[in-house]
Number of protein chains: 2
Amino acid sequence: MKSITSTSEKILDIAQSLIVAGGYNGFSYADISAAIGIRKASIHHHFPTKAELVSVLVDRYRQQAEAGLKSLREGVSSPAEQLRAYVSYWHSCIRDASLPFCVCAMLASEMQMLPEEVASQVRGHFHSLAGWLRSVLQDGTENGLFQLDKRPEEEAQMLMASIHGAMLSARAFGDPELFIAIVAPQIARLQARD
Amino acid sequence: MKSITSTSEKILDIAQSLIVAGGYNGFSYADISAAIGIRKASIHHHFPTKAELVSVLVDRYRQQAEAGLKSLREGVSSPAEQLRAYVSYWHSCIRDASLPFCVCAMLASEMQMLPEEVASQVRGHFHSLAGWLRSVLQDGTENGLFQLDKRPEEEAQMLMASIHGAMLSARAFGDPELFIAIVAPQIARLQARD
DNA sequence: ATTTGCCTACCTACTAGTAGGAAGATAAAC
DNA sequence: GTTTATCTTCCTACTAGTAGGTAGGCAAAT
């Protein structure tokens, strides 16, 4: 019986945590090698180049994210609760340090020096996350639960920026609670006031 | 007559633009060497170690920022205009690509692998920027120009996060106008509504 | 005479990536 | 059911190039 997580998945897991910690240029094959007890060359067997490794990694991340967002949309009652569930997911990730930053947000900051294939995937993630937020906001507005100052797509961009900025502040200050302190009021203010 | 910018300042200038592009691990002494036409060893003469170079660089950045913010506070009429001037400064930096990202925001994303001296300076910058925003918001509130939902320090953190997140989105999408589209409404909503 | 600023030449450690082979599993051919 | 060929996964050993950093010298300025 095979191990539940294959070697290539283990490689992606540790690479992901290394990217979240230090970005594209912040990790090496040697780091992965040391972390999972396999030789450098064996990693190249699974992922011939670094660009390809990160590309597969971001692809997996995007699929997981999209699946997670979709299931939130289907499984959680109201749009307001969907937003709250989304940010509380991140809050717990930051608190327990399991994934204290969005992989794509991290990579976006290095956009200018990323391999083009990775850069376009990062753009794609930002686009689909903004799209998800927009659809939640629109849904909430149509049901009279939200009262937006701006068009849903603009409010979605504002919310996404707040979330990413809040991750950054939480990291800068080393205070996980700062994340929710910044993000919660931004969601609260969307709520219809009467 | 000496060149108006000394070699060490030229080193800091190019290092800063390289950090803004790719972070702490995204540049090397060789990159600086190639950019300003000086040998690697000569850079070590000015800045013995990379950690020291970046430390001096962030120190200079913080001084410039603090001076700029202080002069905005003194030279610009109303708190609302002070905020607008601040974000429009960034907007033009992003538009003309002269400094398309805050050095400290960039470094904050790599917080976990930064030399401790640099990390504490980055924390310091976040602290003083939040402090500046707080004082502007408080000033505006006391003069009846702003109407805040939360305490000034919380609103300041929210605003700072929006600004950093907006920088990230502008970079991810390659669209400088997105920065102001995200940030302007966040400032507008602070305005007293009656 | 010492300091400043830069140089050539070098070091060790590490970077991504390659060549080629050993061990084991798989599966078809006999 | 054993043999044979193939595939997968990992290995050792290596490459060329780059990382940050050092030693020591030279010329001009102070």
Side-chain angles (χ1 to χ4, degrees), chain A residues 1-19 21-58 60 106-107 110 112-119, chain B residues 1-58 60 106-107 110 112-119 121:
Chain A
M1 190 160 120
K2 223 180 186 176
S3 165
I4 188 163
T5 44
S6 66
T7 301
S8 57
E9 290 237 310
K10 273 193 250 173
I11 293 170
L12 292 176
D13 288 344
I14 172 72
Q16 178 167 303
S17 74
L18 289 169
I19 286 178
Y24 187 88
N25 292 308
F27 80 102
S28 72
Y29 274 46
D31 294 330
I32 301 172
S33 163
I36 64 173
I38 199 181
R39 297 289 137 168
K40 260 180 19 169
S42 308
I43 302 170
H44 280 286
H45 166 74
H46 293 278
F47 305 100
T49 68
K50 193 179 183 181
E52 199 173 307
L53 163 56
V54 176
S55 182
V56 171
L57 184 154
V58 175
R60 188 186 70 152
M106 192 70 199
L107 292 172
E110 301 175 289
Q112 308 187 5
M113 2 182 79
L114 253 35
E116 177 46 39
E117 42 177 339
V118 177
Chain B
M1 189 159 123
K2 223 181 187 178
S3 166
I4 187 161
T5 44
S6 65
T7 301
S8 59
E9 291 238 308
K10 273 193 251 175
I11 292 170
L12 292 175
D13 288 343
I14 172 73
Q16 178 166 302
S17 74
L18 288 169
I19 286 177
V20 165
Y24 188 87
N25 292 308
F27 81 101
S28 71
Y29 274 45
D31 294 330
I32 301 172
S33 164
I36 64 173
I38 201 181
R39 298 289 134 167
K40 256 180 24 169
S42 308
I43 302 171
H44 281 284
H45 167 73
H46 293 278
F47 305 100
T49 68
K50 192 180 185 181
E52 199 172 307
L53 163 56
V54 175
S55 182
V56 172
L57 183 155
V58 175
R60 187 184 71 153
M106 192 71 200
L107 292 173
E110 302 174 288
Q112 309 187 2
M113 0 183 80
L114 252 34
E116 177 46 39
E117 41 176 338
V118 176
Q121 282 174 309

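Sequence lines set the chain letters: A, B, ... in the order given, protein chains first and strands last, and positions in each chain run from 1. Worth saying up front: this structure is predicted, and the values here are computed from it rather than measured.
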Spacing between [X] atom [atom1] and [N] atom [atom2], to the nearest angstrom:
| X | N | atom1 | atom2 | value |
| --- | --- | --- | --- | --- |
| B:Y29 | C:dT12 | OH | P | 21 Å |
| B:E52 | D:dG20 | CD | C1' | 14 Å |
| B:I43 | D:dT22 | CD1 | P | 14 Å |
| A:N25 | D:dT18 | CG | P | 14 Å |
| B:I36 | C:dG5 | CD1 | C1' | 12 Å |
| B:K40 | C:dC11 | NZ | C1' | 10 Å |
| A:D31 | C:dC14 | CG | P | 10 Å |
| A:R39 | C:dA16 | CZ | P | 16 Å |

**Report entry** Distance-only donor-acceptor test (3.5 Å): side chain B:K50, base D:dG21
**Finding:**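 Answer no: no donor N or O sits under 3.5 Å from an acceptor.
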
[X], nearest nucleotide to its side chain (from [options]):
| X | options | result |
| --- | --- | --- |
| A:H44 | D:dG21, D:dA23, C:dG17 | C:dG17 |
| A:A41 | C:dC7, C:dG17, D:dC11 | D:dC11 |
| A:I38 | D:dG20, C:dT8, D:dC11 | D:dC11 |

Using only side-chain N and O atoms of [X], determine if any of them is under 4.0 Å from OP1 or OP2 of [N].
| X | N | value |
| --- | --- | --- |
| A:S28 | C:dC14 | no |
| B:T7 | C:dC6 | yes |
| A:S42 | D:dT9 | no |
| A:H45 | D:dT9 | yes |
| B:H46 | C:dC6 | yes |

Query raised in the report: Looking across every strand, which nucleic acid part, if any, lies under 4.0 Å from A:A30 by heavy atom: base, sugar-phosphate, or nothing?
Result: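 Sugar-phosphate: the residue A:A30, judged by heavy atoms under 4.0 Å, touches backbone atoms but no base.
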
Query - Any donor-acceptor pair under 3.5 Å from A:Y29 side chain to A:K50 backbone - result: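 A pair under 3.5 Å: yes.
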
What closest approach, in Å, do [X] and [Y] show between heavy atoms, and which atom pair accounts for it?
| X | Y | value |
| --- | --- | --- |
| A:H46 | A:I11 | CD2-CD1, 3.8 Å |
| A:L57 | A:A15 | CD1-CB, 3.6 Å |
| A:A51 | A:E117 | CB-OE2, 3.6 Å |

**Report entry** Salt-bridge present (B:R60, B:D13; N to O < 4.0 Å)
**Finding:**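 So B:R60 pairs with B:D13 through a salt bridge.
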
Query - First encountered from the 5' end of DNA chain C, between A:F27 and B:G37 - result: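 Comparing both residues, the 5'-ward one is B:G37.
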
